[in-house]
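We're numbering straight along the sequence, starting at 1.
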Amino acid sequence: MILSKNETRKRRKVRIRKKISGTPERPRLVVYRSNLHIYAQIVDDATGTTLAAASTLALSKSGEKAGCNKAGADRVGREIARLAQEKSITKVVFDRNGYLYHGRIKAVADGAREGGLEF
């Protein structure tokens with residue numbers, strides 16, 4: 001049985017989510033990558049609420065030019081860090097959502113770290 005890329009990513013996601021969960025003190029920073037956009041959100045798993053969200057889609061709607069590349073991913077990381085700082089969130093758990101920690105996913109993490117988040 002040969003699995004597609006997305007099926008193997010979903011299997012990795014399940015393995016990761018067994019170990020990672022967001023708490024009110026340390027919420028989970030989730031990254032999702034589509035063909036056109038990159039999305040990041042901070043989630044408190046105890047209550048099941050999204051505390052902050054940023055994406056290249058939202059950045060492009062607000063007037064900034066942000067593509068689905070490493071530069072756009074870095075801007076999403078900085079934006080999510082700024083939104084988290086506004087809600088006095090400094091520490092998060094990074095959830096790569098089954099993606100390999102490489103390229104655009106790494107760029108989001110680096111941008112969030114530069115923006116002031118600790119993980």
Side-chain angles (χ1 to χ4, degrees):
M1 182 170 98
I2 298 173
L3 297 175
S4 69
K5 268 186 177 183
N6 203 31
E7 288 169 335
T8 55
R9 179 189 73 84
K10 287 180 180 176
R11 285 189 175 193
R12 274 195 306 266
K13 177 182 178 175
V14 169
R15 282 197 309 264
I16 291 167
R17 286 289 285 128
K18 283 183 202 173
K19 303 168 193 167
I20 293 175
S21 67
T23 62
E25 303 83 40
R26 198 167 174 158
R28 182 169 52 101
L29 171 60
V30 189
V31 177
Y32 176 71
R33 187 185 80 192
S34 74
N35 286 336
L36 296 178
H37 296 287
I38 297 170
Y39 304 87
Q41 59 183 2
I42 296 177
V43 178
D44 177 9
D45 289 320
T47 59
T49 56
T50 300
L51 305 173
S55 67
T56 54
L57 179 65
L59 289 174
S60 61
K61 282 185 179 177
S62 69
E64 295 183 42
K65 185 154 169 104
C68 186
N69 52 17
K70 283 187 189 179
D74 184 62
R75 290 171 92 179
V76 168
R78 290 175 192 266
E79 178 69 13
I80 197 75
R82 184 185 68 75
L83 293 170
Q85 296 287 336
E86 287 178 3
K87 299 196 180 208
S88 67
I89 299 169
T90 56
K91 293 185 177 187
V92 294
V93 178
F94 188 69
D95 180 4
R96 57 191 174 92
N97 211 3
Y99 298 109
L100 300 179
Y101 187 78
H102 179 265
R104 292 177 280 172
I105 302 300
K106 185 174 186 291
V108 171
D110 291 342
R113 279 192 192 101
E114 289 171 14
L117 286 180
E118 293 177 36
F119 37 105

Determine, using the 4.5 Å side-chain heavy-atom cutoff (strictly less than), whether V30 and V92 are members of one ILVMFWY cluster.
no

Which pair of heavy atoms, one from T90 and one from Q85, lies closest together, and at what distance?
CG2-OE1, 4.4 Å

Check side chain to side chain donor-acceptor pair (under 3.5 Å) between S62 and all other residues, then give those that pass, not counting sequence neighbours.
none

With hydrophobic residues grouped by side-chain heavy-atom distances under 4.5 Å, do I38 and Y101 end up in a single group?
yes

So, are E7 and R11 salt-bridged, with charged N and O less than 4.0 Å apart?
no

Checking the side chain of N97 only, and the main-chain atoms of V31 only, is there a donor and an acceptor separated by less than 3.5 Å?
yes

Close side-chain approach of R104 and N69, heavy atoms under 4.5 Å
no

Mind listing the closest non-hydrogen atom pair of A112 and A81 along with its distance?
O-CB, 3.6 Å

When you group the ILVMFWY residues by side-chain heavy-atom contacts below 4.5 Å and let the links chain together, are L29 and L57 in the same group?
yes

Tell me whether R15 contacts the main-chain N or O of K18 through its side chain, where contact means a donor paired with an acceptor under 3.5 Å.
no

Under a 4.0 Å threshold between the charged nitrogen and the carboxylate oxygen, would R78 count as salt-bridged to D74?
yes

Between Q41 (side chain only) and L51 (backbone N and O only), is there a donor and an acceptor less than 3.5 Å apart?
no

Linking I/L/V/M/F/W/Y whenever their side-chain heavy atoms sit closer than 4.5 Å, directly or via other members, would V93 and L117 fall into one cluster?
no

Starting from the C-alpha separation in whole Å, work towards a yes-or-no answer on side chain to side chain contact (heavy atoms under 4.5 Å, CB included) for L83 and K87.
CA-CA 7 Å; L83 293 170; K87 299 196 180 208; over 6 Å; no

I105-Y32 co-clustered via ILVMFWY side chain contacts under 4.5 Å:
yes

Would you please test S21 and R28 for side chain to side chain contact (heavy atoms under 4.5 Å, CB included) and show each step?
CA-CA 6 Å; S21 67; R28 182 169 52 101; 5.8 Å; no

So CG of D110 and NZ of K70: to nearest 0.5 Å the spacing works out to 9.5 Å

CD1 on I20 to CZ on R17, rounded to 0.5 Å
8.0 Å

R75 side chain vs K65 backbone, donor-acceptor pair below 3.5 Å
yes

For V76 against A40, the heavy-atom pair lying closest together
CG1-CB, 3.8 Å

CZ/R33 to OH/Y99 distance, rounded to the nearest 0.5 angstrom?
5.5 Å

For N6, what residues pass the side chain to side chain contact (heavy atoms under 4.5 Å, CB included) criterion, not counting sequence neighbours?
S4, R9, K10

Under 4.0 Å between a side-chain nitrogen and a carboxylate oxygen: does that hold for D45 and R26?
no

Minimal heavy-atom distance between D44 and G22, with the atoms involved, is OD1-O, 3.8 Å

Can you name the nearest heavy-atom pair linking P27 to K91, along with the distance?
CD-O, 3.5 Å

Regarding H37 and T56, do their side chains bring together a donor and an acceptor under 3.5 Å, going by distance alone?
yes

Which pair of non-hydrogen atoms, one from A107 and one from A73, has the smallest distance, and what is that distance?
CB-CB, 3.8 Å

So how far is it from I42 CD1 to T49 OG1, rounded to the nearest 0.5 Å?
11.5 Å

What class does the angle between the rings of F119 and F94 fall in, given that below 30° is parallel, 30 to 60° is tilted and above 60° is perpendicular?
parallel

